[in-house]
Amino acid sequence: MKKVIVGLSGGVDSSVAALLLKEQGYDVEGLFMVNWHDRTGTLTSNCTWEDDWLLAQMVAKSIDIPISKVDLSEDYRTRVVDYMFSEYEKGRTPNPDVLCNREIKFDVFLEEALKLGADYVATGHYCRKGEKDEEYQLLAGLDGNKDQSYFLCQLTQQQLAPALFPIGHLEKREVREIAEKAALPTASRKDSQGICFVGKVDLPTFLQQKLQPRKGNVIEIFPTQHLFNEIDRSKFSKDELLKLDCAPYDYSKVFGKKVGEHNGAHYYTVGQRKGLNIGGYKEPLFVIGTNVDRNSVFVGEGHEHPGLNRKGLFVKQEEIHWVRPSQKMEIGQERSFDVRIRYRQPLQKATLFQREEGLYILFAEKQRAITAGQFVAWYNGDDLIGSGVIDA
RNA sequence: UGUCCCAUGGUGUAAUGGCAGCACUCCGGUUUUUGGUACCGUCAGUCAAGGUUCGAGUCCUUGUGGGACAA
């Protein structure tokens, strides 16, 4: 009998994953991860890992599987949280949960599970595993509303090999129903939110552990800025145009009007509306850029501000990751994909251009708030082909 | 100093003498395994003192504060 170790989190999804595997006849064991002890800046003070551990144990008992726990908080701190601070410090906006999957759940945790003699490792992610062209596929979950493949966009073939996603073909509603029928103690437990294992935090407060507040100016950039003028496209080569279309605007050298003050540019991210403390406008102000060296936050009025909507983005060569190595593009090649730049975003038509320095991604429609440090993932329909960190 | 104009939530603005409304901000909530977005909701105002009127944000007087022109 094949042995599967399930990452039981104390939530409904991993509970049902374990239950289904058990019903399918696997030798199932639960393994609970402790990744975070600190509560600094946490909003849900009553929601600590102890509660989750208790729930996970109750679930294990309920479906009659052994369970143990493993403390990975050391790795979580160095490989997820430190990365988070360092990215914010550089003025970029990281995605800790993508890192958590790559570095913890499908790395350290996976190793632990294999040490315990597991043939497979399962999680409660809404995504599916397939096989094609002699490699594993990471497929979107069938519940289009819950699809979590985006969070696994950095996994490798080696990480995918022992993985099982028992609930990827189900709708959230069905998962809850299964949990209810089996009377699992997690059946009606609220879905988790916020940074996984840390929870919902007030980000500026959380970041203040490492990043000191520093007063700086909020500067409004007007949509009439010459920066936004259409260029004469006949004067440039195709590759020059590609670079221009995929480059961010540089606001630090153009005229802008000081409209307020902030406590540190590194606390802000592109597309952000709340927290600027500036009123009196007809339409809301959005952050359209930050500069941590000058400690400036650049804002623009309204959803349609040209600085907020861009045609393309760039991923550095060393940041490109192919979930499906067979699909890797050659230098000079261009291909169409379905792309998203954030969780739950409907897939966007885009063309990828592989160049020596990296990947240029040009969208059919302008994209709102393209953010450095976030992940871009490209799909072929359901099939997550690759991903990378947005450089700019 | 003379004349004129203005004063409404934190901000920007509406209201023939007849229930002070809208937008932005803030705060709270919903959605969301990242940040962010979106959606819903609450709080909050007629510069001060008198007067006219059934009734004043609105008209009159004075004061206070700001702006413009004049020298």
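Chain identifiers are assigned alphabetically (A, B, ...) following the order of the sequence lines, protein sequences preceding nucleic acid strands; residue numbering begins at 1 within each chain.
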Q. Which nucleotide in the set B:C24, B:G35, B:A38 lies at the smallest distance from any side-chain heavy atom of A:Arg342?
A. B:G35
Q: Check the distance between B:U11's P and A:Leu285's CG and give it to me in whole angstrom.
A: 16 Å
Q. For the side chain of A:Gln374, counting heavy atoms from C-beta on, which of B:G35, B:U31, B:A38 is nearest?
A. B:G35
Q | Pairwise P distance, B:C47 and B:G57 [rounded to whole Å] | A | 10 Å
Q | Separation of B:G35 P from A:Met84 CE (nearest whole Å) | A | 8 Å
**Q.** Nucleic acid contacts of residues 268-282 of chain A, taken as heavy-atom distances under 4.0 Å to RNA chain B
**A.** A:Thr269, A:Val270, A:Gly271, A:Gln272, A:Arg273, A:Lys274, A:Gly275, A:Leu276, A:Asn277, A:Ile278, A:Gly279, A:Gly280, A:Tyr281, A:Lys282
Q: Let me know the distance between CZ of A:Phe85 and P of B:U34, rounded to the nearest Å.
A: 18 Å
Q. Between B:A38, B:U31, B:U34, which one does the side chain of A:Lys190 approach most closely?
A. B:U31
**Q.** hbond_proxy A:Thr371 side chain to B:G36 base (donor-acceptor, 3.5 Å cutoff)
**A.** no
Q.
So if I take every side-chain heavy atom of A:Pro284 and compare against B:U31, B:U34, B:U25, which nucleotide ends up nearest?
A. B:U25
**Q.** A:Phe151 vs A:Arg368, nearer the 5' end of RNA chain B by closest nucleotide
**A.** A:Phe151
(Q) Rounded at 0.5 Å granularity, tell me how far CZ in A:Arg77 sits from CZ in A:Phe85. (A) 8.0 Å
Q: Salt-bridge test for A:Arg102 and A:Asp97: reply yes if a basic N is under 4.0 Å from a carboxylate O, no otherwise.
A: no
Q. Within 45° of the six-membered ring axis of A:Phe165 and under 6.0 Å from that ring's centre, is NZ or CZ of A:Lys129 located there?
A. no
Q: Spell out, yes or no, whether A:Leu203 and A:Trp36 are grouped together once hydrophobic residues are joined by side-chain heavy atoms under 4.5 Å, including indirect joins.
A: yes
Q: In whole angstrom, give the distance that lies between atom CD of A:Glu283 and atom P of B:U13.
A: 17 Å
Q) Taking CD from A:Glu220 and P from B:G12, how many angstroms apart are they, rounded to a whole number? A) 15 Å
Q. Looking only at atom C1', what distance separates B:U37 and B:U30, rounded to whole Å?
A. 14 Å
Q: Using the closest heavy atom to pick a nucleotide of RNA chain B for each, name whichever of A:Phe286 or A:Ala369 lands nearer the 5' end.
A: A:Ala369
Q: Measure the distance from NE2 on A:His303 to P on B:G36 and round it to the nearest whole Å.
A: 16 Å
Q: Provide the distance between the two P atoms, one in B:A20 and one in B:C43, to the nearest whole Å.
A: 15 Å
**Q.** Counterpart residues, side-chain hydrogen bond (donor to acceptor under 3.5 Å, both in side chains), relative to A:Lys190 (two or more places apart)
**A.** none
Q.
Pairs counted only when both distances fall under 3.5 Å, Watson-Crick or G-U: show me the 5' to 3' dot-bracket for RNA chain B, [ ] for pseudoknotted crossings and | for other-strand partners.
A. (((((((..((((....[..))))..((((.......)))).....(((((..]....)))))))))))).
Q. Considering the options A:Asn101, A:Leu160, A:Thr156, which one meets the side chain to side chain contact (heavy atoms under 4.5 Å, CB included) requirement together with A:Phe106?
A. A:Asn101
Q. Side-chain donor-acceptor pair under 3.5 Å between A:Asp239 and A:Ser237, yes or no?
A. no
